[in-house]
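One structure is given below, encoded as structure tokens.
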Amino acid sequence: MKTAHISPYEPQAIEPKWQRIWEERCQNDVREDPARQKFYLLEMLPYASGDLHVGHARNYTLGDVIARFRRMRGFNVMHPMGFDAFGLPAEAAAIQRGTHPQDWTEANIANMTRQLHRLGVAYDWSRVVDTSSPEYYRWTQWLFLLMYRKGLAYKKEAPVNWCPFDQTILANEQAEGGVCWRCGTRVEQRLVNQWFFKTTAYADRLLEGLDRLPGWPERIKTMQRNWIGRSEGVTFSFDIPAANASISTFTTRLDTVYGVTFIALAPDHPLLERLLEGNEHAVQVRRFVAEIAGKTELERTQMEKLGVFGGVHARHPLTGERVPIWVTNYVVSSYGTGAVMGVPAHDERDFEFAHTHNIDVKTVVVPPNDPSFVARDMPYVDDGVLTRSGEFDGLTSADARRTIAEELIERGIGEETINYKLRDWLISRQRYWGAPIPIVNCPEHGLVPVPEDQLPVLLPYDAPFTGTQGSPLENVPSFVNTTCPQCGGPAKRETDTMDTFMCSSWYFLRYLSPHDARAPWERDAAFYWAPVDHYIGGAEHAVMHLMYARFFYKVLHDENMVPADEPFTRLFNQGFVLGENHEKMSKSRGNVIGIDETADRYGIDALRLFEMFAGPPETDYPWSTTGIAGATRTLNRVWRLVLTHINALRNPPTAAAANGSADADLRYSIHSKIKQLTDEIGDRMHLNTCIAALMTLLNDLEAYAERHEDASKSATFAAGLRALVLMLAPFAPHITEELWERAGQMRSVHLEAWPAYDESALARSLIPYVIQVNGRHRGTIEAPPGSSQDAVLERAKDVPTVSAQLGGKTVRKTIFVKDKLLNIVVG
RNA sequence: GCCGAAGUGGCGGAACUGGCAGACGCACGCGACUCAAAAUCGCGCGAGGUCACCCCUCAUGUGGGUUCGAUUCCCACCUUCGGCACCA
């Protein structure tokens, strides 16, 4: 093969060239087309942090390959991109460097936009959104008002993480370990008036919806189920005669109720003060409560189980026994009723507590096969059969739970209850860089929503965001002081901004009509495009973003603004790109590989090809400098092969196979690869094996060209070149477009149809049969498909390595798998 | 502690429903081209035995099991990674 006179492959020249042309042609812009099947592909929008690295590139390339493939398969593909632009990092950077959050964010978006263009991803750039722009957050505020109108947004006083140094509230995830992520100060629990969304009202629907999402990873659904934490049980009361009160408890194990030997109260239980009146233990209890109050809930969960006797007894509603009440550190007031019936024999925690405080352990449930069982060294927490439980003895746990519940309900002291771990979503943030909450406080009318025609409530550019003066907007009089929309009298605005997760809970709908000034999105557009068919993003958003977005979507479905009640049909969590040292890529480790430096050196197509080839999309893999060099080498080989035989693409030969079996073999290779990629990209998405298949096809084509001087005149070879370029196009869009143009094609390679495979090319006259003796591979023969067992056996006996194993032994049986294998069992 | 995922050459990985373990690539070695190097191309490349060739044995974290046959299914254990962790 002559390689002379072929221009060198120069990605640095052709990549910007095609990016410019695609942009000028608006080649990737889409619109609704009822005649075609839609496909909405989305990657989670990035936070506007400023710089993209090869991990982002992997994520977006994966989406791009699937989107381009779908487009070539005839789908009308929506593939947009945007920026999650509000948030604390912008404010932190502002405080640190003295730049304004808006300027910092804008500069970052400009840089990231440049880098995203550079990646060659086929986004519809006319739809880009910036969640910090007034055109966008106007609708975030509008959606807040929708929630408010529906009674799903409310304000209440609640304990939150407060950093005394930064003078601000922190989200749970920013106060991990009980310290402020920014300054390391220990956070305090503080009661603050906060805005919440009533996510708990949707708890059951959020749970049930997961069962209708077969396209989601099981582990993400499990995480959401755990987070929602639905549990069914019974709430019933214990009377406290001495205090003339009663204490309500929740349990899922009513079958163990006869084993109650104490009641455990949360230290901040509302009834506690009443129990302590005239109680000789009061001093001790108060000292204990004060000690615990100094700890956050998180710290409490990490301590050993402590408690003091409360000085009073309750009356067991079924046995009438006196049950001591203890105040403990292991019961939390925020779940259930803040009081727990203590059953040491059948609960790990109660057992541990009872053990250290010398409380009775009363076994009331025994394993079915061990009636004399006694919980001595460890509790028995499984279901079993009841004993020492009065009239309920002999019932199974399941039956007992039902029967005892009926009894309590009948007597009017109990009711069936469902509890959730899920709590309402706290959306207030005392920060500057977020969307202001569109509510006005009027001395006459209380909380008054800002009328929709007055949106957006603009974030003032000038605000003292020092990070130490509390909420910055509080200190901007021109913002705070306003008039009541209802009476026109003087009033004050809410100075909190909204959690940025609100911005990202609906952005995928804004993409559908990003410039609409009358509505957050056009209903028709939503009913055409939604839901998102394929959502790609990291698993770190398993609960937060994905739960919030599902909540929003269900509310919007109730409003008939979207066509269904689940926003993301298929969810895919891609793996990370690790550093070359197999460690997580991070600035502090100094192993971050940037997009620009990589593109300059190897080209974007090589980056894309390497990242899709290095491993299956869901697993982590390390960066490899030699690996990407290998991708460049592969592209170089494609370049030379195609240009050497460019005439075969320019004027495809029509002559039938000229080289007999070589052509048939090549044809088989071509069509099997087309079939493999077609099935794989559409379904399992193991793009690494797709690229391996393309490399094999490249090897086969090169070998053919090497052996046949007149390769360019073979119709089969020409078809192979064509298939190679078309199938490589989603992976390496620039080089394929350039080759396509040089082949004299008038249309973009990316608007061509995906090649079709021919079943007849996959049928072979001879196929390999594996011959085993006693299950071990001893040889291979070639025979026609559909050969009989006897025919294969006859042929197999002639294979020396097989006959050597058969020598002198009796054939006991043979196992024959049609078109595949013959196993001869001898002994 | 509980739940889940994963362990395959020097490295990334392949083998999709049990049927030729190591596709494809990287690294490495040898050779061709070259004054030389780079680039490129060709050949080799799990371990051991025998080595002229054929071939044989062992090998998919460890130990068992099911099966004619196990990287694949089952049981136990080890390691790694993720999630949950007093939710009554």
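Keep in mind that this is a model prediction, so the values were computed, not measured. Sequence lines set the chain letters: A, B, ... in the order given, protein chains first and strands last, and positions in each chain run from 1.
Remark: C1' of B:C20 and CG of A:Asp819 are 16 Å apart, rounded to the nearest angstrom. As a whole-Å value, the separation of A:Ile815 CD1 from B:G18 C1' is 13 Å. Between the C1' atom of B:A88 and the CG atom of A:Asn329 lies a distance of 14 Å, rounded to the nearest Å. Between the CG atom of A:Leu609 and the P atom of B:C24 there is a distance of 16 Å, given to the nearest Å. One interatomic measurement links the two molecules: CE of A:Met695 to C1' of B:G25, which rounds to 5 Å at whole-angstrom precision. Per the geometry, CG belonging to A:Asp620 stands 13 Å off C1' belonging to B:G12, to the nearest Å. Regarding A:Asn699, its CG atom lies at a distance of 10 Å from the P atom of B:C41, rounded to whole Å. Regarding A:Phe576, its CZ atom lies at a distance of 20 Å from the P atom of B:U80, rounded to whole Å.
Under 4.0 angstrom from either OP1 or OP2 of B:A88 there lies no side-chain N or O belonging to A:Thr249. When the side-chain nitrogen and oxygen atoms of A:Arg776 are compared with OP1 and OP2 of B:G19, none of them lie within a distance under 4.0 Å. Applying the 4.0 Å criterion to OP1 and OP2 of B:A5, one finds that A:Asn573 has every side-chain N and O outside that range. Within the 4.0 Å cut-off from OP1 or OP2 of B:C41, at least one side-chain nitrogen or oxygen of A:Arg640 is found. Residue A:Arg633 places no side-chain N or O under 4.0 Å from the OP1 or OP2 atom of B:A39. For B:U17, the OP1/OP2 oxygens have no side-chain nitrogen or oxygen of A:Arg684 closer than 4.0 Å. Put simply, A:Tyr330 has no side-chain N or O that comes within less than 4.0 Å of OP1 or OP2 on B:A88. Not one side-chain nitrogen or oxygen of A:Lys820 sits closer than 4.0 Å to the OP1 or OP2 atom of B:G19. For A:Asn636, no side-chain nitrogen or oxygen approaches OP1 or OP2 of B:A39 to under 4.0 Å.
If you check every strand for non-hydrogen atoms under 4.0 Å, A:Pro616 touches sugar and phosphate atoms only. Nucleic acid contact for A:Gly630: sugar-phosphate only, since backbone atoms but no base atoms lie under 4.0 Å from a heavy atom of the residue.
Base pairing analysis places B:G69 opposite nothing; no Watson-Crick or G-U wobble pair with both distances below 3.5 Å involves it. When both pairing distances are held under 3.5 Å, B:U50 makes no Watson-Crick or G-U pair with any nucleotide shown. Nucleotide B:C77: paired with B:G61 (Watson-Crick or G-U wobble, both distances less than 3.5 Å). Under the Watson-Crick or G-U wobble criterion, with both distances below 3.5 Å, B:G25 is paired with B:C11. In this structure, B:C20 forms no base pair with any nucleotide, since neither Watson-Crick nor G-U wobble geometry is met with both distances under 3.5 Å. For B:C30, the paired base is B:G42 (Watson-Crick or G-U wobble, both distances below 3.5 Å).
By the 30° and 60° cut-offs, the orientation of the rings of A:His316 relative to A:Tyr258 is tilted. Ring-plane geometry between A:Tyr704 and A:His708 is classed as tilted, the angle between the planes lying from 30 to 60 degrees on a 0 to 90 degree scale. Ring geometry for A:Tyr335 versus A:Phe250: interplanar angle over 60°, hence perpendicular rather than tilted (30 to 60°).
In summary, A:Arg253 and A:Asp255 engage in a salt bridge, as defined by a charged side-chain N under 4.0 Å from a carboxylate O. Remark: A:Arg764 engages A:Asp665 in a salt bridge, criterion side-chain N to carboxylate O under 4.0 Å.
Taking the side chain as every heavy atom from C-beta outward, A:Ile628 and A:Trp623 approach each other to under 4.5 Å.
Taking atom P in both B:A85 and B:U71, one finds a spacing of 39 Å when rounded to whole Å.
Relative to the side chain of A:Arg778, the nucleotides B:U57, B:G12, B:A88 differ in distance, and B:U57 lies closest.
Nearest-nucleotide positions on RNA chain B place A:Val825 closer to the 5' end than the other of A:Val825 and A:Lys305.
One donor-acceptor pair, N or O on each side, does fall under 3.5 Å between the base of B:G19 and the side chain of A:Gln772.
For A:Lys305 and A:Phe353, the positive end is not near the middle of the six-membered ring at less than 6.0 Å and at most 45° from its axis.
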